[in-house]
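Below is one structure, written out as structure tokens; comments come after it.
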There are 2 protein chains.
Amino acid sequence: MDFLEINKVLSNKVRIDILQWLKNPEKNFPPQINVPDFRDGVCVCHIQNKTGLSQSTISHYLTLMHKASILIATRHGKWTYYKRNEEEISNYINFLKNNL
Amino acid sequence: MDFLEINKVLSNKVRIDILQWLKNPEKNFPPQINVPDFRDGVCVCHIQNKTGLSQSTISHYLTLMHKASILIATRHGKWTYYKRNEEEISNYINFLKNNL
DNA sequence: CTATCATATCGACATATCTCGATTTATTGT
DNA sequence: ACAATAAATCGAGATATGTCGATATGATAG
């Protein structure tokens, strides 16, 4: 758990928004088209639509969040789905609680 | 409590170090010279010495941390003392716990 | 096997952050 | 009043981040 890397990733409004939206995909995103449910998260295109930023920017952001281990990526066919890595997010918050 | 501003301030190793050192001034800094104790925190020069960065950089960092409300500044004569704002730090951690 | 679509990567430019030395401001001791 | 000291502010150059459009990659459908 690289605390500093996570903090860098979280020092951006859009990325914070994404993390919060992913807490409740049913509420924040339209229904999935190519998979039956949100088990593996939300596809890049839905996230991109909601932010209004370019495809490359959002793909880049999601990659950053994935590298910092706060998101889990799953590929189904040509779609990539991202969901929260709840375990790492908890570790991060506990680390803050104990060490900040 | 501007969560994003605090996160930006905390996405830097040196500033994190400073915040952690200030948890225990007695242990991390030499005794105060111009005030009897660490009640109001630690003076800029002690913090600067410990980091090894320039005076202007550390003054700038401490100002950032103060503006983000995680440090409290007190002036005694020509010295400025900085200490943690425990209330705001708690608010920040609670916000993370509840909203991240 | 080719066209198409979703995503990732690349290259570039604009803006922000890091960090310094120099200068200014505030305070104190002479 | 003046010199000395601590801290804050200023100006600048180097590095990092934000963001885009263009291109590459990988998967699928025909």
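Throughout, a chain's letter reflects where its sequence line sits, starting with A, and its residues are numbered from 1.
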Between B:L62 and A:K78, who's closer to the 5' end of DNA chain D by nearest nucleotide? B:L62

Answer with base, sugar-phosphate or nothing: what part of the nucleic acid does B:T57 contact at a heavy-atom distance below 4.0 Å? base

Quick one: the side chain of A:Q55 and the base of C:dA8, do they pair up donor-acceptor inside 3.5 Å? yes

Nucleotide nearest B:V44 when distance is taken to its side chain, options D:dA8, C:dC18, D:dG18: D:dA8

For B:H46 and for A:H76, locate the closest nucleotide of DNA chain D by heavy-atom distance; then report the residue assigned to the nucleotide nearer the 5' terminus. B:H46

Figure out the NZ/P separation between A:K8 and C:dT17, and round it to whole Å. 13 Å

To the nearest Å, how far apart are B:N49 CG and D:dA6 C1'? 12 Å

Should the side chain of B:S54 and the base of C:dG21 be counted as holding a donor-acceptor pair, with the cut-off at 3.5 Å? no

Atom CG of B:L64 to atom P of D:dA7: distance rounded to whole Å? 17 Å

Is any side-chain N or O of A:Y61 closer than 4.0 Å to OP1 or OP2 of D:dT17? no

Quick check for you: among D:dA7, D:dT9, C:dT7, whose closest atom lies nearest to any side-chain atom of A:C43? C:dT7

Should the pair A:F3 and A:F95 be assigned to parallel (<30°), tilted (30 to 60°) or perpendicular (>60°) ring geometry? tilted

Roughly how far, to the nearest 0.5 Å, is the CG atom of B:N34 from the CH2 atom of B:W79? 3.5 Å

Just checking, any donor-acceptor pair under 3.5 angstrom between side chains of B:Y92 and B:N7? yes

Please confirm whether the backbone N or O of B:G77 pairs with a side-chain atom of B:R75, one donor and one acceptor, at under 3.5 Å? yes

Remember a base hit wins even if backbone is also touched, and classify B:Y81 as base, sugar-phosphate or nothing at under 4.0 Å, heavy atoms. nothing

Could you list all the side-chain hydrogen bond (donor to acceptor under 3.5 Å, both in side chains) pairs where at least one residue sits in residues 14-26 of chain B, not counting sequence neighbours? B:K13-B:D17

Gap between atoms CZ and P, on B:R75 and D:dA8 respectively (whole Å): 6 Å

B:I89 backbone acceptor or donor facing B:R84 side chain under 3.5 Å: no

Please report, rounded to the nearest Å, how far the P atom of D:dA6 is from the OH atom of B:Y82. 15 Å

Would you say the side chains of A:T57 and A:S54 form a donor-acceptor pair under 3.5 Å? yes

Name the pairs: protein N/O against N/O of nucleotides 11-15 of chain D, kept only if under 3.5 Å.
none

In whole angstroms, how far is the P atom of C:dC10 from the NE2 atom of A:H60? 11 Å

In whole angstrom, what separates B:L53's CG from C:dT17's C1'? 14 Å

Of the listed nucleotides C:dT19, D:dA6, C:dT9, the one nearest the side chain of B:W79: D:dA6

When you measure from the side-chain N and O atoms of A:N12 to the phosphate of D:dG18, is any distance below 4.0 Å, counting only OP1 and OP2? yes

For the pair made of CD in A:Q48 and C1' in D:dG18, what is the distance, rounded to whole Å? 15 Å

For atom CD of B:E86, decide whether the heavy atoms of other residues, nucleotides or ligands shown that lie under 6.0 angstrom number more than 12. yes

Measure distances between side-chain N and O atoms of A:S56 and base N and O atoms of D:dG21, and say whether any donor-acceptor pair falls under 3.5 Å. yes

Counting just side-chain N and O atoms, does A:S59 come under 4.0 Å of either OP1 or OP2 of C:dA8? yes

